[in-house]
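Please read these numbers as outputs of a predicted model, since none were measured by experiment. Values reported hereafter were calculated over all heavy atoms of this structure, with side chains retained and with hydrogens, waters and symmetry mates removed.
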Protein chains: 2
Amino acid sequence: MKAEEIIQAMAEQGMRITDQRRTLAELFAKSEGYVTPKAVYEIMGKTYGGLSFDTVYRNLRIMHDMGVLEQFVFEDGIKFRARCSEMDHHHHLICLQCEKTIPFVFCPMDEVKGLPDDFKAVKHKFEIYGYCKDCQK
Amino acid sequence: MKAEEIIQAMAEQGMRITDQRRTLAELFAKSEGYVTPKAVYEIMGKTYGGLSFDTVYRNLRIMHDMGVLEQFVFEDGIKFRARCSEMDHHHHLICLQCEKTIPFVFCPMDEVKGLPDDFKAVKHKFEIYGYCKDCQK
DNA sequence: TTTGGTGCAAAAAGTTTGCATCCTT
DNA sequence: AAGGATGCAAACTTTTTGCACCAAA
């Protein structure tokens, strides 16, 4: 998602567009990988002197709630990225080095065999981890 | 895994078997779902008066490091369960209600199509969430 | 007896909340 | 002008660390 799309989506849902939120949108628009709240705080802090952690958390949560950010739980903590612009159902390849994610459309649920019929499946998670083109060196 | 198997595995790797660790092994042997460190602390605390949180964490980490416990990151925090006794490569069905996990052997990597060949896959995650037989009521 | 395990206390890290003030709308 | 957004301080939760004492092997 581009920064403008993020800002527009926020405005449409009644959020006020502050300088800080505009910067947040730009930050996520240009990040290819996932970003921790701490990293957001540090990056934003360079521009906004008195920035506080709670504002970062509040904005991340709000942006996640309204769907412009995706939240992802890694072993080492919660991270965020801009919502994927791929609209069809898809999954992700995630680089273990740079955490860049690459969408791809294969879904294992189309192929799954052997699912016991007394289990009522409602959602699933499928991710492939590895090294992207740039990080294979 | 049964409590005795867990204890034996720990002993084989040079861990001392304390009363507390024996109780831990029993706790995980009989839990079908995932357990939070906090829950472990509360359950163990009933038996061991002066139990401290740090000992719980230390033991969980050690047991995870030596492979008798599996660690799983949920949206609401890290949880543990006894290593699955299924030896072949497999994935899990996870009940959203009781968190019981059911192993099943289908693997999406055998069927995957459309993986870009400049991405070097090294591991993957696949879980199906839903409601188990008992929780469908 | 020796080394690892435990409890205690404290610190560190991550996240949330209340409130007065500021600023977008 | 009004209500949402922010900064500040503080509380809270979760997890880690140092140290003295205790116990399994």
Side-chain angles (χ1 to χ4, degrees), chain A residues 3-4 6-28 34-66 68-69 71-80, chain B residues 3-4 6-28 34-66 68-69 71-80:
Chain A
E4 285 313 315
I6 295 174
I7 290 167
Q8 189 186 334
M10 293 196 289
E12 275 171 8
Q13 296 185 59
M15 274 181 76
R16 293 190 179 169
I17 307 306
T18 61
D19 287 353
Q20 210 175 114
R21 285 178 176 172
R22 200 179 302 277
T23 308
L24 259 181
E26 284 157 10
L27 189 166
F28 280 104
Y34 287 86
V35 190
T36 61
K38 189 177 172 188
V40 171
Y41 175 72
E42 285 163 0
I43 297 169
M44 297 280 293
K46 289 176 188 166
T47 311
Y48 301 92
L51 180 68
S52 55
F53 242 115
D54 48 275
T55 305
V56 170
Y57 276 109
R58 269 189 296 247
N59 280 327
L60 291 176
R61 175 142 43 114
I62 290 170
M63 290 168 78
H64 175 246
D65 287 349
M66 66 177 40
V68 298
L69 291 187
Q71 197 182 37
F72 197 99
V73 191
F74 286 91
E75 303 274 322
D76 62 339
I78 292 179
K79 305 182 185 181
F80 295 82
Chain B
E4 285 312 314
I6 295 174
I7 290 167
Q8 189 186 333
M10 292 196 289
E12 277 170 6
Q13 295 185 59
M15 274 181 77
R16 293 188 180 171
I17 306 306
T18 61
D19 286 354
Q20 210 175 112
R21 286 178 175 172
R22 199 179 304 278
T23 307
L24 260 180
E26 284 158 10
L27 189 165
F28 280 104
Y34 287 86
V35 191
T36 61
K38 190 177 172 188
V40 171
Y41 176 72
E42 284 163 0
I43 297 169
M44 297 280 294
K46 289 175 187 165
T47 312
Y48 302 92
L51 181 67
S52 54
F53 241 117
D54 48 275
T55 306
V56 170
Y57 275 108
R58 268 190 298 249
N59 280 327
L60 290 177
R61 176 144 40 116
I62 289 170
M63 290 168 77
H64 174 247
D65 287 348
M66 66 177 40
V68 300
L69 291 187
Q71 198 182 36
F72 196 99
V73 192
F74 286 91
E75 302 276 320
D76 62 339
I78 291 179
K79 305 183 185 181
F80 296 82

(message) Measuring only between side-chain heavy atoms, which start at C-beta, is B:Lys79 closer than 4.5 Å to B:Val35?
(response) no
(request) Quick one: closest heavy-atom pair of B:His64 and B:Leu69, and the distance? (result) CD2-O, 3.4 Å
(request) Find the distance between CD (A:Glu75) and CD1 (B:Ile78) and round it off to the nearest 0.5 Å. (result) 7.0 Å
(request) Please tell me if the side chains of A:Arg21 and A:Ile62 come closer than 4.5 Å, counting only heavy atoms from C-beta onward. (result) yes
(message) Looking at every non-hydrogen atom in both residues, tell me the closest pair between B:Val68 and B:Ala9 and how far apart they are.
(response) CG1-CB, 3.6 Å
(request) Find the distance between OG1 (A:Thr23) and CD1 (A:Ile43) and round it off to the nearest 0.5 Å. (result) 11.5 Å
(message) Can you measure B:Lys38 atom NZ to D:dC12 atom C1' for me and round it to whole angstrom units?
(response) 11 Å
(message) Quick check on the helix from C:dT1-D:dA25 to C:dT25-D:dA1: what's the angle between its two end axes, five base pairs per end, to the nearest 10°?
(response) 40°
(message) Tell me which one of B:Glu12, B:Arg61, B:Gln13 satisfies side-chain contact (heavy atoms from CB on, under 4.5 Å) with B:Met66.
(response) B:Gln13
(request) Taking atom types as modelled, find out whether A:Gln8 and A:Glu4 have a side-chain donor-acceptor pair closer than 3.5 angstrom. (result) no
(request) Check whether any side-chain heavy atom of A:Tyr41 sits under 4.5 Å from a side-chain heavy atom of A:Leu51, and report yes or no. (result) yes
(request) Between protein and nucleotides 20-25 of chain D, map the contacts as a letter string: B base, S sugar-phosphate only, - none, heavy atoms under 4.0 Å, written 5' to 3'. (result) ---BBS
(message) Pairing donors with acceptors under 3.5 angstrom, does anything connect the side chains of A:Thr55 and A:Tyr48?
(response) no
(message) Rounded to the nearest 0.5 Å, what separates atom OH in B:Tyr34 from atom CZ in B:Phe72?
(response) 5.0 Å
(message) With heavy-atom distances below 4.5 Å as the criterion, would you say the side chains of B:Arg22 and B:Glu26 are in contact?
(response) yes
(request) Could you check if a side-chain atom of A:Phe28 sits within less than 4.5 angstrom of a side-chain atom of A:Leu60, using non-hydrogen atoms only? (result) yes
(message) Working to the nearest 0.5 angstrom, can you tell me the gap between A:Met15 CE and A:Thr18 OG1?
(response) 7.5 Å
(request) Residues of residues 57-65 of chain A with any non-hydrogen atom less than 4.0 angstrom from an atom of DNA chain D: list those, numerically ordered, please. (result) A:Arg58, A:Asn59
(request) Might you point out which heavy atoms bring A:Pro37 and A:Phe80 nearest each other, and give the distance in Å? (result) CG-CE1, 4.0 Å
(message) Any carboxylate oxygen within less than 4.0 angstrom of a Lys/Arg side-chain nitrogen, looking at A:Asp54 and A:Arg58?
(response) yes
(message) Below 4.0 angstrom, which residues in residues 42-55 of chain B have at least one non-hydrogen atom near DNA chain C?
(response) B:Gly50, B:Leu51, B:Ser52, B:Asp54, B:Thr55
(message) Going 5' to 3' along DNA chain C, which are the first and last nucleotides with any atom under 4.0 Å from a heavy atom of chain B?
(response) C:dT3 to C:dA9
(request) Using heavy atoms and a sub-4.0 Å distance, could you list which residues of residues 20-27 of chain A are near DNA chain D? By number, please. (result) A:Gln20, A:Arg21
(message) Could you report the tightest heavy-atom contact between A:Ile7 and A:Ala25, atom names first, then the distance?
(response) CG1-CB, 3.7 Å
